[in-house]
Number of protein chains: 2
Amino acid sequence: MPINKPTDSELEILHILWEKGPSTVRTVNDLLNERRKSNAMAARNVAKPKESAGYTTTLKLMQIMFEKGLVSREEDGRTHVYAAAVREEDTQSLLLQQFVDNTFRGSAARLVMQALGSHEASSEELDEIKALIAQLEQQQPKS
Amino acid sequence: MPINKPTDSELEILHILWEKGPSTVRTVNDLLNERRKSNAMAARNVAKPKESAGYTTTLKLMQIMFEKGLVSREEDGRTHVYAAAVREEDTQSLLLQQFVDNTFRGSAARLVMQALGSHEASSEELDEIKALIAQLEQQQPKS
DNA sequence: TCGGTTCTACGAAAAAATTCGTAGAAAAAA
DNA sequence: TTTTTTCTACGAATTTTTTCGTAGAACCGA
C-alpha cells in the first residue's frame with residue numbers, strides 16, 4: 001500500500017512511462033538517452049548530466065522496478081511491455097513531502113517562496129496558484 | 001564557486017550548523033540524535049527514520065564535508081569547531097532546482113500547487129506568498 | 001601520577017544505487 | 001538455412017553514501 005520511493009534513475013524511467021504510456025525497454029532506453037543528450041546541451045542544468053545508459057542497464061533497472069512494484073509488465077511475444085504502476089501525482093506527493101522535510105525542515109511555505117522566486121512561472125500559472133490559495137484560505141481560516 | 005551538493009546526511013548536519021552556529025562534533029552528534037529520536041516518534045514521518053548515529057560516524061561525515069568545502073573549521077585546543085561554509089538559501093535553492101527538474105520536470109508551478117495542496121500553511125504564510133506573487137506579476141507581466 | 005574519558009585521524013566494512021558483461025533463446029535478415 | 005540482431009535473465013563489478021572500529025594523543029579527575 002505505501003508507495004515505494006523511486007531512486008533518481010527510477011524516476012527518470014517513470015517519467016517516460018507516464019508520458020508515453022506502456023513501452024518496451026528498448027523504447028524507454030532510447031528516449032532516456034535522447035533526453036539525457038539534450039539535457040547535457042542545456043546550459044541551465046546544474047546537476048552533472050548523466051552519460052547515456054547501456055541497454056542492459058535500463059533493462060536491469062526496470063526489472064528491479066518490477067520487483068519493487070513500481071511498474072507492471074505484460075509479455076508481448078518475446079518482449080515485455082512495461083507500464084507505470086504508481087500514479088504520477090502520488091509519487092510526486094511522496095517525494096515532495098520528504099523533500100520538504102529534508103531540505104526545508106517541514107515548511108512548505110518557505111519552499112514555495114524559493115520556488116516562485118527562482119523559477120519561471122507564467123501569469124496563468126500564478127493565477128492558478130492564487131486561486132488555490134483563495135481556496136485554502138476558505139477551508140482553514142486558522143491562526 | 002559552484003556549490004557542492006550535500007547528501008542527505010550532510011544536509012542534516014548543515015541544518016544543525018545553520019541553526020546553532022559553529023559547533024563541535026560532539027554537539028552536532030548529540031543534537032542529531034535528539035532530532036532523530038523525536039522524528040522517529042512523529043507519526044507523520046514518511047521516510048523510515050534513521051537510527052542514532054555513532055560519534056565517529058558524525059565525525060567522519062564532518063571531515064568529508066570539510067574536504068568538500070561544505071563546512072569550515074577552527075581549532076580550539078584539541079577540538080575542532082565546525083561552521084557551515086555554504087549559505088542556507090543557496091543550498092536550498094540548489095537542491096530545489098534539481099528537485100524541480102527531477103521530480104516535476106522543470107515546472108515550478110506544479111510543485112507549488114502540490115506543496116500548497118498537501119502541506120499545512122498558515123494564513124500569514126499564504127499572505128506572504130500572495131505578496132510575492134503580486135510582486136512577480138509586476139516584474140514580468142508576460143504571456 | 002594513574003586511569004578513564006574525549007578528541008582526531010584513518011582505513012575499511014557495509015549498504016545502497018548504478019552499470020555492464022555474458023549467455024542462451026527467439027526473431028529477423030540475408 | 002545460416003548469420004546477425006534483439007530479447008531476457010543473471011551475476012557481478014563499480015560507484016556513492018553511510019557506518020564504524022581501532023589507535024594514539026590530549027585532557028581531566030581522583
Side-chain angles (χ1 to χ4, degrees), chain A residues 4-16 22-33 35-36 39 47-83 95 98 102-103, chain B residues 4-16 22-33 35-36 39-40 47-83 91 95 98 102-103:
Chain A
N4 233 321
K5 179 181 175 175
T7 67
D8 285 351
S9 299
E10 290 170 347
L11 190 59
E12 277 189 283
I13 290 176
L14 281 177
H15 272 300
I16 289 173
S23 314
T24 63
V25 174
R26 174 65 58 191
T27 305
V28 169
N29 186 245
D30 289 350
L31 292 175
L32 201 57
N33 288 329
R35 186 165 287 178
R36 285 186 181 184
N39 277 353
K48 53 192 160 202
K50 294 202 178 191
E51 300 295 310
S52 71
Y55 175 83
T56 54
T57 300
T58 303
L59 170 66
K60 180 68 169 188
L61 257 174
M62 293 178 76
Q63 286 171 342
I64 291 172
M65 291 170 76
F66 176 68
E67 285 165 16
K68 286 194 193 176
L70 289 173
V71 299
S72 61
R73 74 182 180 194
E74 202 174 314
E75 312 213 351
D76 174 27
R78 178 175 52 140
T79 84
H80 289 166
V81 177
Y82 287 82
L95 293 174
Q98 295 186 12
N102 285 343
T103 304
Chain B
N4 232 322
K5 180 182 176 175
T7 66
D8 285 350
S9 298
E10 290 170 348
L11 190 58
E12 277 188 284
I13 290 175
L14 281 176
H15 272 299
I16 288 173
S23 314
T24 63
V25 174
R26 175 64 58 190
T27 305
V28 169
N29 186 246
D30 288 351
L31 292 174
L32 200 58
N33 288 330
R35 185 165 288 179
R36 286 186 180 184
N39 277 353
K48 52 192 162 204
K50 293 202 179 193
E51 299 295 310
S52 72
Y55 175 83
T56 53
T57 300
T58 303
L59 169 67
K60 180 69 169 188
L61 257 175
M62 292 178 77
Q63 286 170 343
I64 291 172
M65 291 170 76
F66 176 66
E67 285 166 16
K68 286 194 194 176
L70 289 172
V71 298
S72 61
R73 74 183 180 192
E74 202 174 313
E75 313 213 351
D76 174 28
R78 178 174 53 137
T79 84
H80 289 166
V81 176
Y82 288 80
T91 306
L95 292 174
Q98 294 186 12
N102 285 343
T103 303

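We name chains A, B, ... by the order of the sequence lines, and we start the count at 1 in each one. This structure is a prediction, so every number in the text was calculated from the model and none was measured.
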Tabulate atom names and distances for all N/O pairs under 3.5 angstrom spanning the protein and nucleotides 25-30 of chain D.
unit_1, atom_1, unit_2, atom_2, d
D:dA26, N3, B:R78, NH1, 3.1

Between CD1 of B:I64 and P of C:dA12 the distance, given in whole Å, is 15 Å
TODO: Report yes if some heavy atom in the side chain of B:E74 is under 4.5 Å from a heavy atom in the side chain of B:P22; otherwise report no.
DONE: no
To the nearest angstrom, the CG-P distance between B:N29 and D:dC20 comes to 10 Å
Has B:R26 got a side-chain N or O lying under 4.0 Å from the OP1 or OP2 atom of C:dC7? yes
Residues passing the salt bridge (charged side-chain N to carboxylate O under 4.0 Å, His left out) test with B:K68, sequence neighbours excluded, are B:E10
*Does the side chain of B:L95 come within less than 4.5 Å of B:L11's, by heavy atoms?*
yes
Residues at least two apart in sequence or cross-chain that pass salt bridge (charged side-chain N to carboxylate O under 4.0 Å, His left out) with B:R35, listed by chain then number, are B:E19
When both distances are under 3.5 Å in a Watson-Crick or G-U wobble arrangement, the nucleotide paired with C:dA30 is D:dT1
d(A:M62 CE, A:N29 CG) to nearest 0.5 Å is 9.5 Å
To the nearest 0.5 Å, atom OG of A:S23 lies from atom OH of A:Y82 at 12.0 Å
With A:E12 as partner, the option from A:L31, A:L32, A:V28 fulfilling side chain to side chain contact (heavy atoms under 4.5 Å, CB included) is A:L32
Rounding to 0.5 Å, atoms NE2 (B:H80) and CG (B:L59) come to a distance of 9.5 Å
Here the distance between atom P of C:dT19 and atom CD1 of A:I13, to the nearest Å, is 10 Å
With the criterion being N/O to N/O and under 3.5 Å, what pairs connect the protein with nucleotides 9-11 of chain D, and how long is each?
unit_1, atom_1, unit_2, atom_2, d
D:dA9, OP2, A:Q63, NE2, 3.0
D:dG11, N7, A:K60, NZ, 3.4

| said: With a 4.5 Å cut-off on side-chain heavy atoms, are A:M65 and A:L14 touching? | reply: yes
When rounded to the nearest 0.5 Å, the distance separating CG of B:L70 from NZ of B:K5 is 12.5 Å
Taken to the nearest 0.5 Å, the spacing of A:I64 CD1 from A:L61 CG works out to 5.5 Å
At less than 4.0 Å, is any side-chain N or O atom of B:Y55 found next to OP1 or OP2 of D:dT19? Yes or no. no
Minimal heavy-atom distance between B:A53 and B:T58, with the atoms involved, is CB-OG1, 3.9 Å
Self-check item: Phosphate OP1/OP2 of D:dC7: any A:T79 side-chain N/O under 4.0 Å
Solution: no
Considering only nitrogen or oxygen atoms on both sides, find all protein atoms under 3.5 Å from nucleotides 13-17 of chain D and state each distance.
none

Closest heavy-atom pair, A:R36 versus A:K50, reported as atoms and distance to 0.1 Å, is NH2-CD, 3.4 Å
To the nearest angstrom, the CE-P distance between A:M62 and C:dT18 comes to 15 Å
Here the gap from A:I16 atom CD1 to A:T27 atom OG1, rounded to the nearest 0.5 Å, amounts to 9.5 Å
In whole angstroms, the gap separating P of D:dT18 from CD of B:E10 amounts to 7 Å
Please write out the pairs of protein N or O atoms and N or O atoms of nucleotides 13-15 of chain C separated by less than 3.5 Å, giving the distance to one decimal.
none

Atom CG of B:L61 and atom C1' of C:dT8 are separated, to the nearest Å, by 15 Å
